[in-house]
Chemist: 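To start, I am sharing the structure in question, which I have written as structure tokens.
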2 protein chains.
Amino acid sequence: MILKSQVEWALHCCAILAGLPKGRYLSTKALAELHGLPKEYLSKALQSLSQASLVETTLGPSGGYRLAKPPSDINFLEIVEAVEGKARSFTCTNIRANNPCRPEGYCDSKPCAVARIMWEADEAWRDTLRRVRLSDLVGTLSEEVPADIWRSTFEWVLKRAG
Amino acid sequence: MILKSQVEWALHCCAILAGLPKGRYLSTKALAELHGLPKEYLSKALQSLSQASLVETTLGPSGGYRLAKPPSDINFLEIVEAVEGKARSFTCTNIRANNPCRPEGYCDSKPCAVARIMWEADEAWRDTLRRVRLSDLVGTLSEEVPADIWRSTFEWVLKRAG
DNA sequence: GAATTAAGGATATATCATATCCGAAAACCG
DNA sequence: CGGTTTTCGGATATGATATATCCTTAATTC
Ligand code: FES
Ligand code: FES
């Protein structure tokens with residue numbers, strides 16, 4: 001069970017977009033160059049964010065992506081689910097129904113106890129991600145990333161933002 | 001990100017093994033038949049449990065598997081990790097290092113804030129699984145599974161336990 | 001000695017992640 | 001208007017992993 005690398009890409013891209021001045025857009029090309037990623041494939045991740053209404057786009061030169069909501073209104077789970085899907089990590093194939101001792105046509109009233117526990121763990125994972133806002137991440141990064149790198153990065157970004 | 005179906009198989013098999021009388025073994029063949037699973041492939045999952053020292057085996061006719069510890073000493077996480085591996089679900093490929101604004105040879109002092117949050121969520125998932133013991137599962141099942149099915153299942157099992 | 005079993009290696013297949021390419025439509029710019 | 005730049009979606013190729021089967025070996029029972 002391994003998350004796709006798109007998750008890392010999407011989260012980092014959102015962190016950059018969160019630092020854009022109001023109304024400006026940043027292109028896939030710039031985001032790919034900044035993170036050293038394949039432009040075409042990163043584009044798929046950004047499309048997922050777009051379909052989830054987390055980012056807005058505009059076409060043409062000076063086009064690209066910007067956040068659709070303020071960073072304090074976006075949490076980690078939304079971003080992760082946008083690229084990874086909302087499906088639970090554990091899927092029950094109902095193997096208990098294969099028990100030869102069951103009466104013919106017996107129907108379970110509840111989901112299996114095993115599945116319920118696995119889903120509870122899944123929910124704990126989602127809860128943790130739901131509690132972290134994109135603005136929290138930006139706050140942490142601005143403290144931890146050395147000031148000169150932080151500043152020059154956004155200079156680099158602004159030079160390319162349409 | 002999806003767990004393998006072996007996880008469901010392993011958990012259900014452990015629940016059955018937990019109900020075996022002390023010292024008895026149950027074969028792969030019986031476990032596969034009881035759950036309607038491919039014997040050869042289920043065998044791989046049981047081998048994983050064996051390598052994790054969760055179950056013990058013996059060869060020959062009347063051989064098979066039994067728990068290596070009492071059900072109250074085995075938690076869900078041990079079983080899940082035995083078949084699924086202990087690797088974290090999020091892997092950081094350190095894309096921040098590709099930032100062209102970084103000074104040559106700059107070295108990060110901490111793991112990336114993004115990765116730390118994803119790992120925290122992963123840990124919440126593991127914590128939930130760690131807190132549920134195999135004996136808890138057996139307790140729940142014995143309450144929820146209709147008494148006649150529960151009883152006839154273990155009669156079925158005992159008939160095949162070596 | 002014959003039958004049964006777990007263990008492990010080799011292999012085949014299906015599904016999914018990763019990656020690239022192309023054409024269409026929209027926006028900007030001269 | 002025409003050329004350029006951009007997102008978007010579809011098609012396709014490749015690699016890794018999950019799923020599944022087969023076969024050999026060694027241990028155990030009878
Ligand atoms: S039958 Fe699917 S988890 Fe129990
Ligand atoms: S560089 Fe990997 S999560 Fe930030």
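Just so we're on the same page: letters track the sequence lines, and every chain starts at 1.
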Chemist: Any salt bridge between D148(B) and R151(B), counting N to O under 4.0 Å?
Modeler: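 Salt bridge absent between D148(B) and R151(B).
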Chemist: For dG9(D), does OP1 or OP2 lie under 4.0 Å from any side-chain N or O of Q47(A)?
Modeler: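 For dG9(D), OP1/OP2 do have a side-chain N/O of Q47(A) under 4.0 Å.
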Chemist: Which atom pair, heavy atoms only, marks the closest approach of S48(B) to A82(B)?
Modeler: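 Heavy atoms only, the tightest pair is CB-O, 3.5 Å.
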Chemist: Consider the side chain of P61(B), meaning its heavy atoms from C-beta on, and name the nucleotide among dT18(C), dA26(C), dT29(D) that approaches it most closely.
Modeler: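 From the listed options, dT29(D) comes nearest.
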Chemist: Indicate whether OP1 or OP2 belonging to dA7(C) is found under 4.0 Å from a side-chain N or O atom of Q51(B).
Modeler: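 Result: no.
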Chemist: Does a donor on one side chain and an acceptor on the other come within less than 3.5 Å for N98(A) and R96(A)?
Modeler: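 Short answer, no.
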Chemist: May I ask you to verify if any side-chain N or O of T57(B) is less than 4.0 angstrom from the OP1 or OP2 atom of dA7(C)?
Modeler: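 Yes, T57(B) has a side-chain N/O under 4.0 Å of OP1/OP2 on dA7(C).
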Chemist: Using a cut-off of strictly less than 4.0 Å, decide whether Y25(A) has a side-chain nitrogen or oxygen near OP1 or OP2 of dA26(C).
Modeler: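 For dA26(C), OP1/OP2 do not have a side-chain N/O of Y25(A) under 4.0 Å.
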Chemist: How many whole angstroms separate atom CD1 of I2(B) from atom P of dA17(C)?
Modeler: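 These atoms are roughly 10 Å apart.
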Chemist: Which letter, B, S or -, goes with each nucleotide of nucleotides 9-15 of chain C from 5' to 3', with contact meaning a protein heavy atom under 4.0 Å?
Modeler: B------
Chemist: Is E144(A) salt-bridged to R116(B), going by a charged N under 4.0 Å from an acidic O?
Modeler: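 Here E144(A) pairs with R116(B) in a salt bridge, since their nearest N and O are under 4.0 Å apart.
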Chemist: Is there a side-chain contact between S5(A) and the phosphate of dA17(C), meaning an N or O under 4.0 Å from OP1 or OP2?
Modeler: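 Indeed not, no polar side-chain atom of S5(A) lies that close.
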Chemist: Please check the phosphate of dT6(D) (OP1 and OP2 only) for any side-chain N or O of T58(A) closer than 4.0 Å.
Modeler: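 No.
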Chemist: Give the minimum heavy-atom separation between S50(A) and Y65(A), together with the two atoms involved.
Modeler: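 Taking every non-hydrogen atom into account, CB-CE2, 4.5 Å.
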Chemist: Let me test you: for the helix from dG1(C)-dC30(D) to dG30(C)-dC1(D), what is the angle between the axes at its two ends (five pairs each), rounded to 10 degrees?
Modeler: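 Nearest ten degrees gives 10° for this helix.
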Chemist: Would you indicate what S43(B) reaches in the nucleic acid, counting non-hydrogen atoms under 4.0 angstrom: base, sugar-phosphate, or nothing?
Modeler: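 Answer is nothing: S43(B) stays at 4.0 Å or more from every strand.
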Chemist: Any Lys/Arg nitrogen of E78(A) or K69(A) sitting under 4.0 Å from an Asp/Glu carboxylate oxygen of the other?
Modeler: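 Between K69(A) and E78(A) there is a salt bridge, with a charged N closer than 4.0 Å to a carboxylate O.
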Chemist: Contact between R88(B) and M118(B) at the side-chain level, heavy atoms closer than 4.5 Å - yes or no?
Modeler: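 They are not in contact (no side-chain heavy atoms under 4.5 Å apart), so the answer is no.
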Chemist: Between atom CG in L59(A) and atom P in dA26(C), what is the gap in whole Å?
Modeler: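 After rounding, the gap between these two atoms is 8 Å.
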Chemist: What's the NZ-C1' distance between K29(B) and dT4(C), to the nearest Å?
Modeler: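 Rounded to whole Å, this separation is 10 Å.
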Chemist: Using whole Å, what does the distance between atom P of nucleotide dT17(D) and atom NZ of K4(B) come to?
Modeler: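 One finds 10 Å between P of dT17(D) and NZ of K4(B), rounded.
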Chemist: Without decimals, in angstroms, what is the distance between L42(A) CG and dT20(C) C1'?
Modeler: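 So the two atoms are 14 Å apart, to the nearest Å.
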Chemist: Over all strands shown, is G162(B) touching base, sugar-phosphate only, or nothing at heavy-atom distances under 4.0 angstrom?
Modeler: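 The residue G162(B) makes no contact with any strand.
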Chemist: What is the separation between atom NZ on K39(A) and atom P on dT6(D), rounded to the nearest whole Å?
Modeler: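 Rounded to whole Å, this separation is 7 Å.
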Chemist: Using atom CZ of R160(A) as one end and atom P of dT5(D) as the other, report the distance to the nearest whole Å.
Modeler: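 Between P of dT5(D) and CZ of R160(A): 16 Å.
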Chemist: With side chains defined as the heavy atoms from C-beta onward, is the minimum distance between W125(A) and S89(A) less than 4.5 Å?
Modeler: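 They are not in side-chain contact.
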Chemist: Looking only at non-hydrogen atoms, find the nearest pair between T57(B) and Y25(B) and report the distance.
Modeler: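 Closest approach of T57(B) to Y25(B): C-CE2, 3.9 Å.
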Chemist: When V55(B) is tested against each of I74(B), L67(B), I79(B) for side-chain contact (heavy atoms from CB on, under 4.5 Å), which residue passes?
Modeler: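 That would be L67(B); it is the only one of I74(B), L67(B), I79(B) passing the side-chain contact (heavy atoms from CB on, under 4.5 Å) with V55(B).
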Chemist: So which one's nearest nucleotide on DNA chain D is more toward 5', P38(B) or E84(B)?
Modeler: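 On the 5' side of the pair lies E84(B).
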Chemist: Give a yes/no on whether any side-chain N or O of T28(B) is located under 4.0 angstrom from OP1 or OP2 of dA6(C).
Modeler: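 Result: yes.
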Chemist: To the nearest Å, how far apart are L3(A) CG and dA17(C) P?
Modeler: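 Nearest whole value for this atom pair: 10 Å.
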